[in-house]
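Heads up: the structure comes next, in C-alpha cells.
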There are 2 protein chains.
Amino acid sequence: MARKPELMPGTLDMLILRTLARAPLHGYGIALSIKRLSDDVLTVEEGSLYPALQRLLVQGWVKAEWKKTETNRRARYYSLTVAGRKQLGLELSQFEQMIAAIGRVLQDADA
Amino acid sequence: MARKPELMPGTLDMLILRTLARAPLHGYGIALSIKRLSDDVLTVEEGSLYPALQRLLVQGWVKAEWKKTETNRRARYYSLTVAGRKQLGLELSQFEQMIAAIGRVLQDADA
DNA sequence: TCCTATCCATAGATAGTCTATATATACGCC
DNA sequence: GGCGTATATATAGACTATCTATGGATAGGA
C-alpha cells in the first residue's frame with residue numbers, strides 16, 4: 001500500500017458481488033457504481049476489475065451475458081448466481097469480523 | 001485472499017506502528033500483542049512480520065535496539081520514531097476513510 | 001472530423017502475504 | 001541429564017492480487 005492504494009486489497013471481490021446483488025451490470029458500470037457510492041475514494045482500475053470478474057466467473061459466483069446497453073452499445077452483463085449470493089454473505093461476515101478485530105487492536109486500552 | 005487471510009493485506013504496517021505507539025516491543029511481542037488484542041482473529045506470521053519491520057526501519061518509522069528481555073533472553077526492541085508517529089496518524093486516517101467508503105458501497109441504498 | 005466517454009481485455013511489473021526452513025536458548029518436567 | 005515447549009530472530013521462495021500500460025472498438029456531441 002505504500003504508493004497509492006485505490007482499493008483495500010482483498011475487498012474487491014466482495015465489492016463486486018455486493019454491487020451485483022443490487023442489479024446485474026456490465027464491468028464498466030460496476031466500476032462506476034463503486035466509484036460513485038464511495039464518493040471517489042475507491043477506484044477500480046480495469047487491470048483489477050476484469051481479472052476479478054474472470055475469477056468470479058470461474059468460481060461460479062457470477063454469470064455473464066452479452067447484451068445491448070441503453071445507449072445501444074454492446075456490453076457484457078454480469079449477475080450473481082445463487083452460490084455467489086452465498087459467497088457474498090460469507091465475505092461480508094468475515095470482513096466485519098476482521099474490521100472489528102482491527103478496531104480492537106487500534107484501541108487505546110492495553111491488554 | 002481466497003484461502004486463509006490471517007490479516008487484511010495493507011494493514012500490517014499500521015497495526016505494528018499502533019502497537020509500538022503504546023510501548024517499545026520486540027518482534028515476537030508485537031505478534032503476540034496483535035493476536036491477543038484481536039481475540040485470535042489476526043495472526044501475524046513471522047514471514048510477514050520481519051519483512052514488515054525491515055520496511056519500517058528502512059523508512060525511518062521505527063528504530064531498533066538489542067536488549068535483554070525480562071526472562072533474560074536476547075531480543076531486538078523496536079520503538080516509534082517521530083516520523084513513525086506521524087506516519088501512524090496518516091495511515092489511521094486513510095484507513096478510516098477507506099473503511100467508511102467501503103461501508104457506503106456495502107449499504108443497501110442505491111446511488 | 002475530432003474528441004470524449006463508454007466498453008472490453010490482456011501482459012507485465014510490483015508488492016505484500018504465507019509457507020517452510022534454519023538457528024538458538026530459557027525453563028519446566030520426567 | 002534429556003526432552004519438549006515457548007520464546008526469539010531471520011530469510012528464501014511461492015503465491016496472489018493489485019496497478020500500470022497498452023490495445024482495440026464504437027456512440028455521440030462539438
Side-chain angles (χ1 to χ4, degrees), chain A residues 1-17 24-36 41-59 61-62 64-78 91 94-95 98 102, chain B residues 1-17 24-36 41-59 62 64-78 91 95 98 102:
Chain A
M1 304 215 15
R3 290 303 148 71
K4 258 206 185 170
E6 307 289 1
L7 280 181
M8 191 161 314
T11 61
L12 179 56
D13 291 9
M14 175 180 72
L15 293 174
I16 292 175
L17 292 176
L25 262 182
H26 47 74
Y28 189 75
I30 293 169
L32 279 185
S33 175
I34 291 175
K35 190 177 178 68
R36 287 173 181 161
V41 174
L42 307 177
T43 301
V44 183
E45 306 294 341
E46 291 148 317
S48 309
L49 177 64
Y50 292 104
L53 288 170
Q54 291 305 315
R55 284 198 299 273
L56 298 177
L57 276 173
V58 167
Q59 281 160 318
W61 294 333
V62 304
E65 191 183 359
W66 286 98
K67 283 192 184 174
K68 288 276 183 182
T69 67
E70 294 175 3
T71 54
N72 202 35
R73 298 170 68 88
R74 114 189 200 291
R76 203 172 182 198
Y77 280 80
Y78 296 87
E91 294 201 15
Q94 286 178 348
F95 177 76
M98 205 161 263
I102 291 174
Chain B
M1 303 215 15
R3 291 302 147 72
K4 257 201 183 174
E6 306 288 1
L7 280 180
M8 191 162 313
T11 60
L12 179 55
D13 292 9
M14 177 180 71
L15 292 173
I16 293 174
L17 292 175
L25 261 181
H26 48 75
Y28 189 75
I30 294 170
L32 278 186
S33 175
I34 290 176
K35 190 178 179 65
R36 286 173 182 159
V41 175
L42 307 177
T43 302
V44 183
E45 306 294 340
E46 292 145 317
S48 310
L49 176 65
Y50 292 103
L53 288 170
Q54 291 305 315
R55 284 198 298 272
L56 298 177
L57 276 172
V58 167
Q59 281 159 317
V62 305
E65 192 183 0
W66 286 97
K67 283 192 183 175
K68 290 275 183 182
T69 67
E70 294 175 3
T71 54
N72 203 35
R73 298 170 67 90
R74 115 188 200 293
R76 204 171 181 198
Y77 280 80
Y78 296 87
E91 294 202 14
F95 177 76
M98 207 162 262
I102 291 174

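Letters A, B, ... mirror the listed sequences (proteins, then strands); counts begin at 1.
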Measure from the side-chain heavy atoms of [X] and tell me the nearest of [options].
X     : options               : result
A/W66 : C/dC7, D/dT9, C/dA9   : C/dA9
A/Y78 : D/dA8, D/dA10, C/dA9  : C/dA9
A/A75 : D/dC19, D/dT9, C/dC8  : C/dC8
A/E6  : C/dC7, C/dC18, D/dC19 : D/dC19

For atom [atom1] of [X] and atom [atom2] of [N], their distance in whole Å:
X     : N      : atom1 : atom2 : answer
A/K35 : C/dA5  : NZ    : P     : 12 Å
B/M8  : C/dG16 : CE    : P     : 16 Å
B/K68 : C/dA24 : NZ    : P     : 15 Å
B/Y28 : C/dT25 : OH    : C1'   : 13 Å
A/E45 : D/dC19 : CD    : P     : 6 Å
A/E65 : C/dC8  : CD    : P     : 13 Å
B/L15 : C/dG16 : CG    : P     : 14 Å
B/L7  : D/dT16 : CG    : C1'   : 15 Å

Mind listing the closest non-hydrogen atom pair of [X] and [Y] along with its distance?
X     : Y     : answer
A/L25 : A/S33 : CD1-CB, 4.3 Å
B/I34 : B/I16 : CD1-N, 4.4 Å
A/V41 : B/M98 : CG1-CA, 4.5 Å

Contact class for [X] (heavy atom, under 4.0 Å): base, sugar-phosphate, or nothing?
X     : value
B/L49 : nothing
A/S48 : base
B/L12 : sugar-phosphate

Return the residues of residues 50-58 of chain B meeting this criterion: a heavy atom under 4.0 Å from some atom of DNA chain D. Order them by number, or give none.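 B/Y50, B/P51 - these, ordered by number, are the residues of the stretch whose heavy atoms sit under 4.0 Å from the strand.
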Between B/E46 and B/D13, just flag the one whose closest nucleotide in DNA chain C comes earlier from the 5' side.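 Between the two, 5'-proximity favours B/D13.
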Could you list the residues that satisfy side-chain contact (heavy atoms from CB on, under 4.5 Å) with B/Y28, not counting sequence neighbours?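 By the side-chain contact (heavy atoms from CB on, under 4.5 Å) rule, B/Y28 matches B/H26, B/L32.
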Set of side-chain hydrogen bond (donor to acceptor under 3.5 Å, both in side chains) partners for A/R55, sequence neighbours left out: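 Checked A/R55 against side-chain hydrogen bond (donor to acceptor under 3.5 Å, both in side chains); matches are A/D13.
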